[in-house]
Amino acid sequence: MNGIMYVLLRDVAELLDFPIKEKGGTIVVSGQKTSLQFIPGAAAAIVQGQIVALPYRLLKENGRWWFDSGTTLKLFEKLIEADQGVKKVLSWKKLHVVSEGKECKETSSIKASKGKGALSVVKSVRWGLKDFGIRAVVDYEGPSEVGVVSGAGRLGLMFKKAMASSNIGSSPYPEMIRLAVSQFGDRVEFTFVHRAEKVEHFNLENPSRYVVDFYNPKPINEEAPKRVEVKHKEPEEKPLESKAVYIPKGGSKQRLVIVDPGHGGKDPGATANGIREKDINLKVGKLLVQYLRSKGVAAELTRRGDYYLKLSERTAIANKKKASVFVSLHCNALPKGRHAKGVEIYIMALPSDKDAMQLAKIENRELLDGGLESSETVDKKTKMLLQILGDMQQNAKIQESTKFAEVLFSRGKSSRLYMRRVAQAPFAVLRGAAMPAVLIEMGYLTEREEALKLKNPSYQKKLATAIGSGIIAFLGR
């Protein structure tokens with residue numbers, strides 16, 4: 001990477017004759033028919049209702065918003081095509097925007113490369129098992145001042161005048177070391193949560209990297225962390241190597257599973273082929289709890305009958321009871337003319353695609369006394385979740401939820417269920433969960449054949465058994 005050129009969004013929008021303003025926590029570039037929306041804190045934008053994954057997050061400096069020049073032009077090309085129905089090729093000539101050979105006036109820019117006032121790029125975090133424990137290596141490019149804040153069970157690294165790449169992954173050892181990454185303006189903050197006996201850290205050059213060594217880390221959830229020795233030592237890095245390390249399974253305390261039958265009461269959920277979603281959700285939920293208890297696993301329902309719970313109340317129950325996992329059960333539906341079938345498993349994260357985003361908006365709609373929430377309210381809520389996700393995308397909970405979803409998917413296939421996919425979207429019902437959480441769409445009520453299966457008690461038991469065996473497999477890792 002030779003460096004990233006950042007440009008002012010306002011300059012580019014005005015050069016191309018698009019109004020731009022900050023509205024409701026988003027940056028909105030307005031066209032005549034549609035708009036381009038940037039979500040500060042999230043590596044995502046919305047063009048004509050479609051989510052577009054971005055390689056970087058927005059950078060705010062002195063009240064002005066900056067974004068990398070290459071992606072900026074591609075997004076404005078999408079906006080022009082969606083708004084005006086014509087394809088235009090935009091390019092940079094020095095610091096001018098060029099559209100179809102017509103050159104516009106100059107725009108401001110900053111460059112993330114070596115030199116005075118430059119922005120460094122934090123590219124990745126590499127992990128490895130060592131004789132002493134676990135090593136994390138933060139790779140970055142360009143000049144950056146690294147600050148360190150240490151405390152009991154926590155180590156913070158602050159990269160000043162830096163941007164975080166969207167390629168930074170979560171900790172592969174979340175039971176022992178958890179990692180959260182946040183972008184605050186031109187500052188990147190890494191927070192490591194651990195229970196290591198000792199932590200040593202040091203900086204290395206050519207190439208630039210920051211090394212953190214965790215000595216004899218213990219499972220985080222086993223007991224409260226004690227104060228540990230954290231010290232800076234002279235650089236000495238050996239190649240990362242993989243060694244077998246025994247990681248015990250989180251204590252003897254019994255695990256609790258919270259099963260959430262979606263919808264209920266005044267909210268029927270999806271209805272098709274004479275079937276109400278809320279009824280299927282509750283029946284499978286009861287069978288799932290029954291199966292788990294028969295295997296010696298503690299399990300409870302968020303609702304035991306046909307009544308309504310707010311989305312926030314469902315995860316609040318799981319948090320209050322300190323559940324190990326949270327599973328929300330639902331059935332899917334599609335508009336007339338569209339067809340799909342199979343089981344889908346979702347985690348709360350930036351959306352996989354447009355369909356996932358649309359499903360999240362449907363499931364995020366609350367029932368009020370006067371009827372359903374308006375589309376505008378649901379859109380605002382979902383955008384707020386996107387913004388939250390921008391800050392928590394690297395959270396260990398998302399990593400664990402992903403593993404949970406993958407185990408459930410694998411067990412579903414082993415049970416010969418038609419498993420469609422594992423995907424992600426900003427579901428409000430999963431937002432408050434302080435534990436690995438998934439939302440399972442058990443099938444499509446709009447497909448007559450699948451609707452009849454979902455109504456069948458034998459198939460409901462098959463679903464409950466497959467999901468239950470996946471939960472037990474995940475808890476017993």
Side-chain angles (χ1 to χ4, degrees), residues 259-265 267-292 301-303 306 311 314 326-348 351-365 367 372 404-425 427 429-430 437-471 473:
V259 178
D260 172 47
H263 307 281
D267 178 11
T271 56
N273 288 302
I275 302 172
R276 298 182 304 184
E277 179 189 352
K278 67 175 183 176
D279 299 330
I280 305 299
N281 297 343
L282 184 58
K283 287 177 181 178
V284 177
K286 287 181 175 179
L287 289 170
L288 175 54
V289 166
Q290 181 182 328
Y291 173 84
L292 290 169
L301 292 163
T302 55
R303 67 175 179 97
D306 186 18
L311 298 176
R314 298 169 188 264
F326 177 84
V327 179
S328 189
L329 300 176
H330 292 259
C331 295
N332 221 328
L334 283 174
K336 188 175 181 179
R338 293 192 61 190
H339 300 278
K341 65 178 183 178
V343 180
E344 299 178 342
I345 304 174
Y346 287 87
I347 66 167
M348 182 180 169
S352 308
D353 50 40
K354 188 177 180 181
D355 286 343
M357 183 64 177
Q358 188 58 37
L359 177 63
K361 288 184 179 181
I362 293 170
E363 298 291 5
N364 288 350
R365 181 162 286 158
L367 265 179
L372 283 170
F404 187 23
E406 289 170 351
V407 171
L408 290 170
F409 187 86
S410 176
R411 286 303 172 111
K413 290 191 72 173
S414 299
S415 302
R416 297 188 177 180
L417 293 176
Y418 185 84
M419 303 301 292
R420 189 162 185 251
R421 65 174 183 167
V422 171
Q424 56 193 52
F427 289 100
V429 72
L430 301 180
V438 297
L439 183 146
I440 302 177
E441 297 283 354
M442 298 179 288
Y444 285 80
L445 294 179
T446 44
E447 297 294 325
R448 180 168 177 76
E449 180 183 348
E450 196 156 66
L452 292 175
K453 286 201 300 182
L454 287 165
K455 191 178 180 180
N456 187 309
S458 296
Y459 186 72
Q460 291 171 2
K461 188 173 182 180
K462 183 178 181 179
L463 273 170
T465 301
I467 296 169
S469 66
I471 292 171

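A pairwise comparison of heavy atoms in Y418 and K341 identifies CE2-O, 3.2 Å as the closest pair. Contact record, L288 with A464: CD1-O, 3.4 Å, taken as the closest heavy-atom pair. The shortest heavy-atom contact between V259 and V289 is CG2-CG2, 3.9 Å. H339 and G337 get closest at one heavy-atom pair: CD2-O, 3.8 Å. L292 and G468 get closest at one heavy-atom pair: CD2-O, 3.7 Å. Taking each heavy atom of L454 and M442 in turn, the nearest pair found is CD2-O, 3.8 Å.
Legend: residues meeting ring-ring contact (aromatic ring centres under 6.0 Å, His included) with F404, ordered by chain and number and at least two apart, are F474. For D306, the side-chain hydrogen bond (donor to acceptor under 3.5 Å, both in side chains) partners at least two apart in sequence or on another chain are K278. Here T446 pairs with A272, A333, L334, Y444 under the side-chain contact (heavy atoms from CB on, under 4.5 Å) rule; sequence neighbours left out. In this structure, the side-chain hydrogen bond (donor to acceptor under 3.5 Å, both in side chains) partners of R276, at least two apart in sequence or on a different chain, are D279.
Screening residues 448-458 for salt bridge (charged side-chain N to carboxylate O under 4.0 Å, His left out) gives no qualifying pairs among residues at least two apart or on separate chains. Sorted by first and then second residue, the side chain to side chain donor-acceptor pair (under 3.5 Å) pairs involving residues 457-468 (not counting sequence neighbours) form an empty list. Screening residues 280-290 for side chain to side chain donor-acceptor pair (under 3.5 Å), with sequence neighbours left out, gives E277-N281.
Looking at R314, its side chain does come within 3.5 Å of a backbone N or O of P261 through a donor-acceptor pair. In terms of modelled atom types and a separation under 3.5 Å, the side chain of E441 and the main chain of N332 share a donor-acceptor contact. Judged purely by atom type and a 3.5 angstrom limit, D260 has no side-chain atom pairing as donor or acceptor with the backbone of G262. Counting only distance, with no hydrogens or angles, the side chain of R303 and the backbone of H263 share a donor-acceptor pair below 3.5 Å. A side-chain donor-acceptor contact under 3.5 Å links S469 to the backbone of A466.
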L329/I467 under side chain to side chain contact (heavy atoms under 4.5 Å, CB included): CA gap, chis, key distance, verdict | CA-CA 10 Å; L329 300 176; I467 296 169; 4.1 Å; yes
Decide yes or no on side chain to side chain contact (heavy atoms under 4.5 Å, CB included) for L463 and L417, but give the supporting numbers first.
-> CA-CA 8 Å; L463 273 170; L417 293 176; 3.9 Å; yes
Under the salt bridge (charged side-chain N to carboxylate O under 4.0 Å, His left out) criterion, do E344 and R420 qualify, and how do the steps go?
-> CA-CA 5 Å; E344 299 178 342; R420 189 162 185 251; 2.2 Å; yes
Using the side chain to side chain contact (heavy atoms under 4.5 Å, CB included) rule, take T271 and L445 through it: C-alpha gap first, then chi angles, then the decisive distance, then the call.
-> CA-CA 7 Å; T271 56; L445 294 179; over 6 Å; no
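The distance from atom CG of L439 to atom CZ of F326, rounded to the nearest 0.5 Å, is 8.5 Å. Remark: L282 CG to L301 CG distance equals 7.0 Å, nearest 0.5 Å.
N273 has its side chain out of reach of L452: every pair of non-hydrogen atoms, C-beta onward, lies at least 4.5 Å apart.
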